[in-house]
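What you see is a predicted model; the values in this text were computed from it and never measured.
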Amino acid sequence: MAEEYLLDMNNISKQFPGVLALDGVKLKVRQGTVHALMGENGAGKSTLMKVLLGIYIPETGTIRFDGVEHKHMDIRSSLTHGISMIHQELTPILHMTVAENIFLGREPLRNKFGWVDKKKLIKQTQALFDELEIDFDPSKMMVELSIANMQMVEIATAISYNSKLVIMDEPTSAITEKEVSHLFRMINNLRDKGVAVIYITHKMDEVFQIADEVTVLRDGQFVGTKFAKEIDKLGLIAMMVGRELTNFFPKEDAEITDVKLEVKNLTLSGKFKNVSFAVHKGEILGIAGLMGSGRTEVIESIFGIYPPESGDIQIDGKKVSLKQPMDAIKAGMGLLTEDRKLSGLFLPLSVQDNMIYSNIGKYVSKFGLNNKLIHEDCEKQRIALAVKTPSLFQLVVNLSGGNQQKVLIARWLLTEPDILILDEPTRGIDVGAKSEIHKLMTKLAQAGKAIIMVSSEMPEILGMSDRIIVMHEGEKAGELSRADATQEKILQLASGEALAI
């Protein structure tokens, strides 16, 4: 008799110093199904997958995979048994080719001396790409690819193992809607071939598009498993957070007053040209557009990372020269970057060290660092932002994604900025943490801060913005008021089409 479940994890517990990360968790996955694994950041999803892959050894529990029981696996044996994973954090070897990245350690050899057969390697990769409908050159260097294409390489790598179970951790966090549709076709093909997929995401709509079953974890404990067709969005959120979230976008009115920041005809060759807009005190200005439209480049230019070649930047009506980020910080700006791990956090450092980094001068005197004041200020931010951490001295790498994002927000709040620029403020974080960040944005706007928010999530742009500008191929394609903005209008402008009058 065939096993009912391809994977049966039972009574899995994992303890870290001061934290019970998993407490008697179970997960049962059927062959040829897509099983969504849901929960807030810190719920234990990634820890459970690391137990399955053998990265962590559990204190209790058993793993039964494809009819064979394992006390625990290691990474090599999990691959051998047919389990592969697409990780949320990309780790490409940038100065090797796409093909070399995909088949690293498994390259076809020309002879017994270990010479790689490069022609066969390219041919092998091209055959995989043809099957997956991926359309770029396998001989390209990884460093030449966009983040979205690097994500597609990661997906192709996992599928290349011909696995029985593929784990996908936030696979759509850095790809466009068109590429999401492509990914879903790939997943459906895998399901048709009898492959099981564990799908981890914070995007609710994706769960109901692609999943057959859903398991929810909360605070390291098993909450329940349901068929996707038996539950709706509100029910799923209630399982995840232990309560109903009735207001996804808690936007409240704020008094919008004088222009705080104005940019006029900003241009940077090859990135954007003649971009003009203003943001007022008390206003949340949304910037929308497709990937590659120049949204991030414009705000990084304003912040002094890549200064514009021409155009003016004015703060409170006075022209300013922001040639480096320190100039922008001194002028009262803060920038939450798009990729918290690549360009935001110092992963080997503590929560406290990460919080004070942009404002460390405040704590320096002729007697050295004022550690008492540092700790007091950071503790206030920890409490205000509800950062879940055993202590301020915990390494930030050990925090969940949502809590890492809160640490970065705390860093900028400690600089007491008048202008806060947020690039993808809720990317890769759970629905509860998103709601908390949205509430914070509203409070800051009500306190008179000028906020610029870049987001790829249409509900966030529509739900949180007082006004929206849309970018297309490096140019400002249009501007919409909150009252006039719709998803259709934004997509029309983002695609380079003029709005019908």
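- In terms of modelled atom types and a separation under 3.5 Å, the side chain of Asn403 and the main chain of Lys388 share a donor-acceptor contact.
- The minimum heavy-atom distance between Gly39 and Lys45, with the atom names listed, is O-NZ, 2.8 Å.
- A salt bridge is absent between Glu457 and Lys203: the closest approach of a Lys/Arg side-chain nitrogen to an acidic carboxylate oxygen does not fall below 4.0 angstrom.
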CA sep, side-chain torsions, deciding dist, call: Glu206, Tyr199, side chain to side chain donor-acceptor pair (under 3.5 Å): CA-CA 10 Å; Glu206 293 181 0; Tyr199 194 88; 2.8 Å; yes
List, one per line, each side-chain donor-acceptor pair under 3.5 Å for residues 6-13, sequence neighbours excluded.
| unit_1 | atom_1 | unit_2 | atom_2 | d |
| --- | --- | --- | --- | --- |
| Asp8 | OD1 | Lys28 | NZ | 3.0 |
| Asp8 | OD2 | Lys28 | NZ | 3.1 |
| Ser13 | OG | Gly24 | N | 3.0 |
| Ser13 | OG | Thr60 | OG1 | 3.0 |

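- Between Met152 and His182, some side-chain heavy-atom pair lies under the 4.5 Å cut-off.
- Rounding to the nearest 0.5 Å gives a distance of 9.5 Å between OG1 of Thr389 and CG of Leu395.
- Residues Thr415 and Asn359 bring no donor and acceptor atom of their side chains to less than 3.5 Å of each other.
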Side chain to side chain contact (heavy atoms under 4.5 Å, CB included) between Ile83 and Lys164, worked out: CA-CA 6 Å; Ile83 303 171; Lys164 297 171 186 174; over 6 Å; no
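- Atoms CG and NZ, from Asp377 and Lys372 in turn, are 10.5 Å apart once rounded to the nearest 0.5 Å.
- Using a 4.0 Å cut-off between charged nitrogen and carboxylate oxygen, Glu379 and Arg382 count as a salt-bridge pair.
- Here the shortest heavy-atom pairing between Leu349 and Asn354 reads O-ND2, 3.6 Å.
- Expressed to the nearest 0.5 Å, how far CG of Leu236 lies from CZ of Phe208 amounts to 5.0 Å.
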Pair up each side-chain donor or acceptor in residues 220-230 with any protein partner under 3.5 Å, not counting sequence neighbours, and list the distances.
| unit_1 | atom_1 | unit_2 | atom_2 | d |
| --- | --- | --- | --- | --- |
| Gln221 | NE2 | Asp23 | OD2 | 3.1 |
| Thr225 | OG1 | Thr215 | OG1 | 2.6 |

Chi angles and distances behind the side chain to side chain donor-acceptor pair (under 3.5 Å) call for Ser456, Glu424: CA-CA 7 Å; Ser456 300; Glu424 303 288 1; 2.5 Å; yes
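- By the 4.5 Å heavy-atom criterion applied to side chains, Arg411 and Ile356 are not counted as neighbours.
- Counting all heavy atoms, side chain and backbone alike, Ser465 lies closest to Gly286 at OG-CA, 3.4 Å.
- Looking only at atom types and distance, the side chain of Gln394 has no donor-acceptor partner in the side chain of Ser391 under 3.5 Å away.
- Atom OH of Tyr357 sits in a sparse spot, with 12 or fewer heavy atoms from other residues, nucleotides or ligands closer than 6.0 Å.
- Nearest heavy-atom pair across Gly44 and Leu22 is O-CD2, 3.5 Å.
- Remark: Arg76 CZ is loosely packed, at most 12 non-hydrogen atoms of other residues, nucleotides or ligands lying under 6.0 Å away.
- Of the possible polar contacts, one joining the Gln405 side chain to the Pro425 backbone as a donor-acceptor pair under 3.5 Å is found.
- No side-chain heavy atom of Trp412 sits less than 4.5 Å from a side-chain heavy atom of Ile421.
- Between Thr157 and Asn101 the shortest side-chain heavy-atom distance does not fall below 4.5 Å.
- Side-chain contact between Asn149 and Met142: absent, with no pair of heavy atoms (C-beta onward) separated by less than 4.5 Å.
- By the neighbour-count criterion of 12 heavy atoms within 6.0 Å, atom OH of Tyr306 is sparsely surrounded, having that number or fewer from other residues, nucleotides or ligands.
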Intermediate values then yes/no, side chain to side chain contact (heavy atoms under 4.5 Å, CB included), Met464 and Met441: CA-CA 9 Å; Met464 292 304 299; Met441 289 168 62; 4.2 Å; yes
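- With hydrogens and angles ignored, the 3.5 Å screen pairs a side-chain donor or acceptor of Glu100 with a backbone N or O of Thr97.
- Here the closest heavy-atom approach between residue Lys14 and residue Pro58 is recorded as CD-CA, 4.3 Å.
- The OH atom of Tyr56 sits 12.0 Å away from the CG atom of Leu48 when rounded to the nearest 0.5 Å.
- At least one side-chain heavy atom of Arg106 sits under 4.5 Å from a side-chain heavy atom of Ser160.
- One finds the CG atom of Leu132 at 8.5 Å from the CG atom of Asn189 (value rounded to the nearest 0.5 Å).
- Under the 4.5 Å side-chain criterion, counting only non-hydrogen atoms from C-beta, Tyr161 is in contact with Leu79.
- Once rounded to the nearest 0.5 Å, the distance linking CD of Gln487 with CD1 of Ile461 reads 11.5 Å.
- Looking at heavy atoms from C-beta onward, Ile63 lies in side-chain contact with Leu52 at the 4.5 angstrom threshold.
- Side-chain rings of Tyr5 and His35 stay apart, their centers remaining 6.0 Å or farther from each other.
- For Asp423 (side chain) and Leu336 (main-chain N/O), no donor-acceptor pair under 3.5 Å exists by modelled atom type.
- The closest donor-acceptor contact from the side chain of Ser350 to the backbone of Asp353 lies under 3.5 Å.
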Test log, rule side chain to side chain donor-acceptor pair (under 3.5 Å), inputs Glu460 and Thr426: CA-CA 9 Å; Glu460 184 169 63; Thr426 62; 2.6 Å; yes
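- Closest approach of Gln124 to Pro108, counting heavy atoms only: OE1-CG, 3.8 Å.
- The pair Glu376-Lys380 does not meet the salt-bridge criterion, since no charged nitrogen lies less than 4.0 angstrom from a carboxylate oxygen.
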Verdict with reasoning, Phe393 to His375, per ring-ring contact (aromatic ring centres under 6.0 Å, His included): CA-CA 10 Å; Phe393 302 106; His375 195 75; 5.6 Å; yes
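- Counting non-hydrogen atoms of other residues, nucleotides and ligands closer than 6.0 Å to NZ of Lys120 gives a total of 12 or fewer.
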From CA spacing to verdict: side chain to side chain contact (heavy atoms under 4.5 Å, CB included), Ile198, Met168: CA-CA 6 Å; Ile198 295 176; Met168 299 188 176; over 6 Å; no
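- A salt bridge does not link Arg295 to Glu338: none of the charged nitrogens lies less than 4.0 Å from a carboxylate oxygen.
- Sorted by first and then second residue, the salt bridge (charged side-chain N to carboxylate O under 4.0 Å, His left out) pairs with a member in residues 130-146 read Glu131-Lys193, Glu133-Arg185; sequence neighbours excluded.
- Gln151 places a side-chain N or O within donor-acceptor distance of the main-chain N or O of Pro171, the cut-off being under 3.5 Å.
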Side chain to side chain contact (heavy atoms under 4.5 Å, CB included) assessment of Met141 paired with Leu94: CA-CA 7 Å; Met141 302 297 283; Leu94 294 175; over 6 Å; no
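- Within 6.0 Å of the CE atom in Met326, the count of heavy atoms belonging to other residues, nucleotides or ligands does not exceed 12.
- A donor-acceptor contact shorter than 3.5 Å is absent between the side chain of Trp115 and the backbone of Leu109.
- Here the side chain of Arg30 pairs no donor or acceptor atom with the backbone of Thr33 at under 3.5 angstrom.
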